[in-house]
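Each ligand, and each atom within it, is numbered from 1 in the order the structure gives. Given the structure is predicted, the values throughout are model-derived calculations rather than measurements.
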Amino acid sequence: MLLTQQVVLNSRPGKNGEPTPEHFRLEETSLVSDLNDGEVIVRTLYLSVDPYMRCRLNEDSGSDYLAPWQLSECLDGGGIGVVETSHCSTCSEGDVVTSFNWPWQTHAIMKGSGLQKVDLQLTDGHLSYFLGAVGMPGLTALLGVREKGHVTKGANQTMVVSGAAGACGSLAGQIGRLDGCVRVVGICGSDEKCKVLVEDLSFSAAINYRKEDVSAQLKKSCPDGIDVYFDNVGGAISDTVLAQMNKGSHVILCGQISQYNKDVPYPPPLSEKTQEILQSQNITRERFLVLDYMNKSEAALFELSQMIKSSQIKVLETVVNGIENMGVAFCSMMKGSNIGKQIVKISE
Ligand code: NDP
């Protein structure tokens with residue numbers, strides 16, 4: 001019998017509550033040793049914590065594509081691991097596999113048919129990248145910019161990114177620049193993040209929303225106005241950005257994390273003033289959902305891999321160790337302690 005550690009939902013923060021590590025509980029359980037046909041035993045290597053999980057902490061996720069997590073049940077999300085035993089014809093021992101619904105367990109029994117084998121060459125051995133830059137956040141950044149950004153080479157465009165030092169934001173800004181924006185300005189929550197954006201990722205400027213006057217700094221760093229806004233955060237920051245957008249400009253409505261601990265629908269309603277600005281400036285603001293573009297994911301993952309290998313984009317990660325830290329990692333990511341993709345390393 002194989003013993004495994006797992007993280008279950010201990011309690012819910014409630015619709016308007018802030019998640020804390022106490023909402024998660026570590027348990028030990030055993031896996032049955034007899035596998036059914038089609039099943040595999042996997043050892044987990046890395047797990048992902050992501051903002052959308054905040055919805056799954058509520059009794060009603062408020063979304064038609066996300067099921068709420070259940071109390072005392074094992075949680076799940078993006079994960080990657082290695083097949084240790086296989087009773088599945090499409091998986092072999094030693095295969096590295098990934099899934100959007102990986103249980104938060106050190107070892108797990110999974111159906112082989114629900115796993116995707118990864119091409120190790122795509123990340124030159126950086127397995128955690130499959131949960132970040134060459135995974136869902138990378139796709140979100142690339143396809144978000146391409147599908148909703150209207151970035152055009154030679155058009156002298158300025159892009160602003162909020163949540164700019166996070167998993168999606170840090171990539172979106174770099175992709176915007178590669179695709180032709182002449183100026184890319186990031187908004188984020190610390191001086192350290194600002195420094196990384198400008199010095200390591202070649203953003204034109206970065207604004208610390210926690211201590212700077214965002215409106216004044218945007219005016220300074222975007223003298224020609226804003227043409228593309230990759231919005232990860234919503235709320236007051238986005239109202240400030242929208243007020244400085246040019247006529248006919250475009251918002252990539254990626255996420256609204258500043259509102260996730262509030263009991264509001266998604267996307268949260270805009271103020272009347274901001275709605276008027278959108279209308280009078282003829283600004284497009286269409287919701288973007290990466291899951292709607294999975295038919296483009298293979299080509300996009302390959303392109304992301306090429307961009308990384310050729311050093312056209314840099315990848316940032318914050319890695320914590322140990323399954324016991326899943327809850328801590330999720331909560332600290334929600335509060336901004338991560339630079340780049342927040343990853344939890346479960347085993348070597
Ligand atoms: P990040 O790596 O960006 O981590 C979240 C970041 O959000 C934190 O680091 C923090 O950075 C910032 N943040 C938290 N609270 C606030 C707040 N009140 N105001 C401003 N910033 C805040 O996460 P991801 O890159 O995974 O996700 C970014 C966004 O993209 C989220 O809104 C997410 O829901 C969305 N998303 C959407 C997808 C889609 O298909 N549309 C797919 C994947 C993600 P800081 O220090 O700057 O505050």
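Phe203 is connected to Leu178 through a chain of hydrophobic side-chain contacts under 4.5 Å among Ile, Leu, Val, Met, Phe, Trp and Tyr, so both are in one cluster.
Among residue pairs with one or both ends in residues 58-68, those qualifying as side chain to side chain donor-acceptor pair (under 3.5 Å) are Arg54-Asn58; sequence neighbours excluded.
Between His250 and His150, the two ring planes are parallel [angle under 30°; tilted spans 30° to 60°].
Ordered by chain and residue number, the residues placing a heavy atom less than 4.0 Å from ligand 1 are Pro51, Met136, Thr140, Gly166, Ala167, Cys168, Cys188, Gly189, Lys193, Tyr209, Arg210, Asn232, Val233, Ile237, Cys254, Gly255, Gln256, Ile257, Ser258, Tyr260, Phe288, Leu289, Val290, Met333, Met334, Gly336, Asn338, Gly340.
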Donor-acceptor pairs are to be reported for all side-chain atoms of residues 158-175 against protein atoms at under 3.5 Å, with residues two or more places apart or in another chain.
residue: Thr158; atom: OG1; partner: Arg183; partner atom: NH1; Å: 3.1
residue: Ser162; atom: OG; partner: Tyr229; partner atom: OH; Å: 2.9
residue: Ser162; atom: OG; partner: Asp231; partner atom: OD1; Å: 3.3
residue: Ser162; atom: OG; partner: Asn232; partner atom: N; Å: 3.0
residue: Ser170; atom: OG; partner: Gly166; partner atom: O; Å: 2.6
residue: Ser170; atom: OG; partner: Ala167; partner atom: O; Å: 3.4
residue: Gln174; atom: OE1; partner: Lys314; partner atom: N; Å: 2.7
residue: Gln174; atom: NE2; partner: Ser170; partner atom: O; Å: 3.0
residue: Gln174; atom: NE2; partner: Lys314; partner atom: O; Å: 2.8

Can you give me every donor-acceptor pair (side chain of residues 292-299, partner residue at least two apart or in another chain, under 3.5 Å) with its distance?
residue: Lys296; atom: NZ; partner: Glu147; partner atom: OE2; Å: 2.8
residue: Ser297; atom: OG; partner: Met294; partner atom: O; Å: 3.0

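Under the side chain to side chain contact (heavy atoms under 4.5 Å, CB included) test applied with Lys341, the options Val315, Thr318, Asp50 reduce to a single match, Asp50.
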